[in-house]
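All remarks here apply to the structure that follows.
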Amino acid sequence: MTELILTEKFSVASDFAKALGVKNKKDGYFEGDAHVITWAVGHLVELFEPDDYDAGLKKWRVETLPLIPERFRYKPITRTLQQFRTIKALLTQRQFDRIIIATDAGREGEVIARTILLESGFRDKERIMRFWTSQALVPKVVRDTMNQLKPITDYDRLWRAGYYRQVSDWLVGMNLTRLMTVRLGDLFSVGRVQTAVLAMLVDRRNEREHFIPETYWNFKVLFSGDKGRWTGRWFKEKETRITDKPQADALLERFQAEKAPGVVVSMKKETKQEPPPLLFSLTDLQQEANNRFGFPAKKTLAIAQALYQDRKCLSYPRTDSKVLGTASLGLVNTVLGKLEQACPDLFAFVDPKRVSLSNRRVFNDAKLTDHHALIPFKPISEAASRDEKLLFDLVVRRFAAAFHPDCRFESTRVVTLFAKETFQTRGKVILDPGWQRVYGTGIRDKAEAEIIPPLVEGDEGAVEKIEREEKQTSPPPDYSDSLLLKDMTNPGRYVAEEEIKRLYRGDIGIGTQSTRAQIIETLISRGYVQRAGKRLLATDKGGYLVTQLRKCPISSVLTSPEETARWEMQLNTIALGEGSDIRFLDHIKAFVTNAVAELKSAGLNVKLFKAEQPQAAVIGICPACGKAVRENPKAFSCEDRGCEFVIFKRIAGKSISAKMATNLLQYRKSGPFKGFISKKKKRFSASLKIVNENGHWKVTFDFNNQGKASSNNGQASPDPRRSISTVERVRSEPRGPESLSAPGSEPTQGAETMRCPLCNGTIIEGNRGFGCSNWRPEHGDCRFVIWKEIAGKTLTLQNLETLIAGKKTRPYVLKNSNGDKFKASMKMVKAPGQGVAIEVEPQGEGQGFKVLCLR
DNA sequence: GCAAGGTC
């Protein structure tokens, strides 16, 4: 008997080949005695474009809308046509006893297989079987599941649900994008997913713009008794804030007037346990990598893909599952064995009892989706990039943590009665860090870790200090990739209606794990959203589209995340055989028809949008005028229009990368590089340098010094006249409020590196300041920073060296906070309890030092 | 010039 097996992707086909002992690889498939195994590359077939139905539809016109094809048709996707033809030939030109569909176990997997069969003209359903499992495809799982093949008709409903998903997205997207674009005179894309997400970003921008901060007050009282001190925070029922000023004043007066001590009225101690976090889904990993390293979702996906595909140390990344299947216990044991050897520290406290099927937080078939959670397969290669290692480390730690004991801690809550008001004190002592060992003990609960004396009810404490804190309410934060992914995954948090909240209780989100990163990028490329560091900000254009759609009652549902969830719910019922597909499609068609009619006649404000292009990245400093040099399509040029300095992206036939340009700007010389082509078509090598000829700065070749700096990534040594030390230039995202960046590559070789005066770490350069490479909590949480601009003066590299060496700079003209100018030199001093400060020493007499820059 | 969903 011969069988044809069709998988969704090459990696799965090769898992099958391994399990079935098929070794003979042909072009586009594996060939064995009993099996031929071939693979798709995701979707190989797509819906017709409008102009495939009718060439007249190539032009976008309002009059041709709504576009509602009588019958939807498919065509092969050009990019993967070769593979489609291979599969079609196998299906139609060879006789197999059975065709086994082994695409991923989910709705889209079903669509991928069915559309290939459809477009190949293969109709013999009797011979088609479905291979269905979400377990990791180790050989045993493949062989066992091959013995439990299902008739394909069991999955017809799933295929229909997938088909309606495709078709309804097409109807909404094609019609409303064309309509809004033609009516508003600029490209305005509209879609079920992208418009709902855009609306979330626009709403957040509006909330923040219209937010009015309110002042409120807290009270803290420091009690002191025989057993020690404790701080109580005022509360009444669940409230800890007082929003009324007279009330706050009255309370303060009462507290100050009160002579009697505080009395402990309750003391509760509980031992609590916190289980390890669940294994990573892609979205969780993207969130964590965005929070910790500032990686955009797309970057994390790309790195994870490389770890999976090239380095083969990570499982399939596009998964929304946070568990493994019960068939993966053996796999887990193998992986644990390999990783233990590579990083024994992380696995020293693994609890063998947790490495068993009784660990339902890890092994849970009921919670498996198309794929299982992200896990490591083996230690990462030494050759991997820094970013790859960072990301992989997150996965390994999460994996290790999953097999650790719970974190056990003792939580204490003390209530003290003072002046007839109640004050609470919370403490937390970690008894056994359990899985937190993997992350370094106690990082997570720093804020709460207050040590409380062993109080009992009735203990008295004299009042030592009464503190009133004035605070302001803050608006919800701007979205980052991380926060947006969270709300896309779990939109119910922002949905008011109880009924709809319930819809989200299942696993319904907006978009899918495979596309969420892409949706964010689409919004950016449409000019709806901009990145500003970690933040994602809706632009005026994005806000405008949402406003126009919301003017129209029918179309406005696209701007509500609820609607996308309703569609998902209905598709689910179709997949389960409970819903009517015809009614669903009729509903969507009616929606599109009505929305088109409504928007055709709506009084839309037509407004012209200049592309709000985010500024291109700064790649260096202009040698001619000191302003930023930015990348543009053809060159790296000075942002000052009046300055003509430019480094073209092609020099003598060779492409110049941003990295090369950065080096060139920093060191005035870079190379040597191979691959230039002379006017006589001869190849040659040369370094590039920046020279000043008659007051004109330009890039020229340098033929000296050939081959000398090759050990240094093609980077020349720094120009000795410019600096004796170097600072690592960091080009990743800024972190936190200080806007210092994460460290980039290793410190530049060949030059003395500057050291942090507090912890001896490496000095790294961020966007706004020079900081310490040990800024991460796990590296020592060093907060050292010197801002690049101090009192209106921009520091030079030489100033920085002088300051770090503890020496005084020469006097400069500086400005104080009132804008008054004065002349002073700067020096770094130890500031008590604060790390370091930069002081300026005014030139005038008797003015003393003035602290201008605390860390 | 359009959607969203796969995979590269």
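Every chain is numbered from 1, with letters handed out A, B, ... down the list of sequences. Since the structure is predicted, the reported quantities are computational estimates derived from the model, not experimental observations.
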For this session: Select base, sugar-phosphate, or nothing to describe what A:R192 touches, counting heavy atoms under 4.0 Å on all strands.
Result: sugar-phosphate
Exercise. Which residues satisfy the ring pair (Phe, Tyr, Trp, His ring centres under 6.0 Å) test with A:H371, sequence neighbours excluded?
Worked result: A:Y316
Exercise. For residues 312-319 of chain A, which residues have at least one heavy atom under 4.0 Å from DNA chain B?
Worked result: A:Y316, A:R318
For this session: May I ask you to check whether A:E578 and A:N572 show a side-chain donor-acceptor distance below 3.5 Å?
Result: no
For this session: Would you jot down, in residue-number order, the residues of residues 45-58 of chain A having a non-hydrogen atom under 4.0 Å from DNA chain B?
Result: A:E49, A:P50
For this session: Report the residues that fulfil side chain to side chain contact (heavy atoms under 4.5 Å, CB included) with A:S189, sequence neighbours left out, ordered by chain and then residue number.
Result: A:T177, A:Q194, A:R526, A:Y528
Exercise. So what does A:N175 touch, heavy atoms closer than 4.0 Å: a base, only the sugar-phosphate, or nothing?
Worked result: nothing
Seminar exercise, completed: Footprint ends on DNA chain B, 5' to 3', for atoms under 4.0 angstrom from a heavy atom of chain A, come out as B:dG1 to B:dC8
Problem set entry | Touch class at under 4.0 angstrom, heavy-atom based, for A:T515 against every strand present | base
For this session: Report which part of the nucleic acid A:V190 touches: base, sugar-phosphate, or nothing (heavy-atom distance under 4.0 Å, all strands).
Result: sugar-phosphate
Exercise. How would you list, by chain and number, every residue that makes a side chain to side chain contact (heavy atoms under 4.5 Å, CB included) with A:P69, sequence neighbours excluded?
Worked result: A:Y53, A:F72, A:W170, A:L171
Exercise. Just checking A:T181: base, sugar-phosphate only, or nothing, at a heavy-atom cut-off of under 4.0 Å?
Worked result: base
Exercise. Who are the ring pair (Phe, Tyr, Trp, His ring centres under 6.0 Å) partners of A:F591, not counting sequence neighbours?
Worked result: none
Exercise. Looking at residues at least two apart in the chain, or sitting in another chain, which of them share a side chain to side chain contact (heavy atoms under 4.5 Å, CB included) with A:K75?
Worked result: A:E46, A:F48, A:E49, A:D52
Problem set entry | Counterpart residues, ring pair (Phe, Tyr, Trp, His ring centres under 6.0 Å), relative to A:Y74 (two or more places apart) | none
Exercise. Residues in side chain to side chain contact (heavy atoms under 4.5 Å, CB included) with A:A161, at least two apart?
Worked result: A:R107, A:I574, A:A575
Problem set entry | Under the ring pair (Phe, Tyr, Trp, His ring centres under 6.0 Å) test, residues paired with A:F131 that sit two or more places apart | A:F16
Exercise. Can you list every salt bridge (Lys or Arg N to Asp or Glu O under 4.0 Å) pair that touches residues 155-175 of chain A, not counting sequence neighbours?
Worked result: A:E108-A:R165, A:R114-A:D156, A:K125-A:D156, A:R160-A:D581, A:R165-A:D169, A:D169-A:R192
